[in-house]
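For reference, the structure is listed below as structure tokens.
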Amino acid sequence: MLLSRRGRTILAAAMGLGLAFIYLPLLVVVVNSFNASQVFAWPPRSLTTRWWREVASNTGVREAVLTSVEVGLVATVTAVVLGTLLAFALARYTFFGRQSVSVLVVLPIALPGIVTALALRTAFQTFLGVELSIWTVAVSHATFCMVVVYNNVIARLRRTGTTAEEASADLGADGFTTFRLVTFPLLRGALLAGALLAFGLSFDEIVVTLSTAPPGVTTLPIWIFQNLSRPNQAPVVNVVAAVLVLLSVVPLYLSQRLAADTVTAGRL
Amino acid sequence: MTALPPAGTSVAPGVPAGRRLSAWLSGRPRVRLAALLAPPAIWLTLVYLAALLALLTTAFFSVDEFTNAVTRTLTLSNVRDVVSDPAYLRASARTVGVAAAVTALCTVIAIPMAFFMAKVAPARSRGLLVALVLTPLWASYLVKVYAWQAMVQPGSGVIAWVLRPLGVDGPGYGLMAVVLTLTYLWLPYMVLPVYAGLERLPDSLVDASADLGAGPWRTFRNVVLPLAYPSIVAGSVFTFSLSLGDYITVQIVGGKAQLLANIVFANYAANLPFAAAIAIIPVLITVAYLAVVRRTGALDNL
């Protein structure tokens, strides 16, 4: 496209400023984790690696990470199964209420977070009459993670169509064999991408977790949230924050290795 | 014991059960549909939808003044309290104002970035730029809010440090900090749809506009913007509705500012019907916004 040199320079500058806006706060987090002082003040006067060593032996953090991983795994597996079933039902069949079901699956994430959180809490306490536990957290996470798996799988199902499966049936394979040998391999990338997104969402969730976890069940976001207001914990929080910033390249790397487009688009 | 195979399929005795089941199912699409649909539909209804409706109807129940227990006598008093007290109208206006400001800021920052990514940057570096914009989405939400706490802190914050030579302090905690933080959090949700929209825009249209004598600004206003509009609206669905529901950011960097979600959170333990009555407001605003957006056709581009 024809664009004046000045126009290009201005746009490049805007891009640079935008990226600076995105990355400077993250850089502050990483630098601040080496801040020798326990009290935040920018710029840090002296740096130390002491807090990084202390975090390695911090049991509170380790248990919180473990809880988050447990919740994330249960939520992800559940969301993958339910989201995939739903995607098949909506992609391959027409039925009364199909439109409503496709709205219903988006609702937990489309409505304001606090509303979803209170609805889930009400479900457990009033409707189902169960005590809050690590399971209610996992069930809640699965409920809003379902949509990302569903989105990925239904997009893949629409793109691949049914011809390969029909060919398999014509060649004499029964439904289960076709699923194992044809459908599943076609879906694998979308399932992995959906699972990655679901785990990421669950690992990061704070609003829903706060209202569906009993005291004592502490996921990593809850741990951070509780310790934000404790000044003597600030150095540990800083290091945990820095680690989470640095780790955010991992899912990106994984998604590049999977179908690059599905993961990135699915996060939306 | 064995079900009769439907007409048209014949299964010899002695074939494996899986194959028999498969043959039986193949003639019964309704059974297959029910098996696929029932688990997720029951889950969503039981865990979510029923409770959501119940929560919203709680707004019409009253609460026992001594025990804080919800009693199921219908009343309009909660809704009346919310509607008649100007404090809640102000909070609603403030919340919508914040969401609108965040959306506007995100749009202004996102359009030049997206335009650069889609039209100026060489094709091979586009993937990298998209990745650079996306990566922060994977960094923890709380960590990003925490980062902005460090940015806006009065006196010792990063912005205060940058502005000190000018003799100005940082923004401090308050609505301004909330808007900045939410803009930061939701910016990628605006950049990506706009980028995707601009990538579909043919270069020739922009060139044609220039050939016909339009300056860059005019081309942008009369050619690029109308064609990118549906993607901007699609992005605004995220920035707007995510901003409406946030209370953690407001708690951390908002100072004394109160938005709707905070009022809901502050009330739900003591007076659930009242919290529910407040919660209806952002739900209605979200639904209304989606309905308006739906008419523009922007949702089809997602």
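A note on names: the letters A, B, ... follow the listed sequences, proteins ahead of strands, and every chain is numbered from 1.
A donor-acceptor contact shorter than 3.5 Å links the side chain of B:S22 to the backbone of A:G175.
Among the candidates A:T84, A:L244, A:I109, the residue making the largest number of heavy-atom pairs closer than 4.5 Å to chain B is A:L244. The candidate from A:V105, A:V245, A:L104 with the greatest count of non-hydrogen atom pairs under 4.5 Å with chain B is A:L104. Each of A:T116, A:T177, A:V249, A:I224 has some count of heavy-atom pairs under 4.5 Å with chain B, and the biggest count is that of A:T116. Annotation: maximal heavy-atom pairing with chain B below 4.5 Å, among A:T122, A:T143, A:V115, A:L220, occurs at A:T143. When the candidates A:L19, A:N32, A:V28, A:I114 are compared by the number of heavy-atom contacts under 4.5 Å with chain B, A:I114 comes out ahead. Of the listed residues A:I10, A:L228, A:V101, the one with more heavy-atom pairs under 4.5 angstrom with chain B than any other is A:L228.
Taking 4.5 Å as the limit, some side-chain heavy atom of B:R30 sits within range of a side-chain heavy atom of A:F95. B:L187 is listed as a side-chain neighbour of A:F21, based on a closest heavy-atom distance under 4.5 Å. Side chains of A:L90 and B:L37 form a contact here, defined as non-hydrogen atoms less than 4.5 Å apart. Taking the side chain as every heavy atom from C-beta outward, B:W138 and A:D204 never approach each other to under 4.5 Å. B:Y141 has its side chain out of reach of A:V207: every pair of non-hydrogen atoms, C-beta onward, lies at least 4.5 Å apart.
The line from OH of A:Y93 to CZ of B:R32 is 4.0 Å long, rounded to the nearest 0.5 Å. Rounding to the nearest 0.5 Å places CG of A:L107 at 9.0 Å from CG of B:L44. Between the CG atom of A:L85 and the CH2 atom of B:W43 there is a distance of 12.0 Å, given to the nearest 0.5 Å. Separating the CD1 atom in A:I22 from the CE atom in B:M113 is a distance of 4.0 Å, to the nearest 0.5 Å.
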Item to complete: For ring pair (Phe, Tyr, Trp, His ring centres under 6.0 Å), just list the numbers for B:W24 and A:F176, CA-CA rounded to whole Å, side-chain angles, deciding distance to a tenth of an Å, and then say yes or no.
Response: CA-CA 12 Å; B:W24 185 81; A:F176 298 110; over 10 Å; no
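A:A110 touches chain B through its backbone: at least one of N, CA, C or O sits under 4.5 Å from a heavy atom, while the side chain does not. Only the side chain of A:L111 comes within less than 4.5 Å of a heavy atom of chain B; its backbone N, CA, C and O stay farther away.
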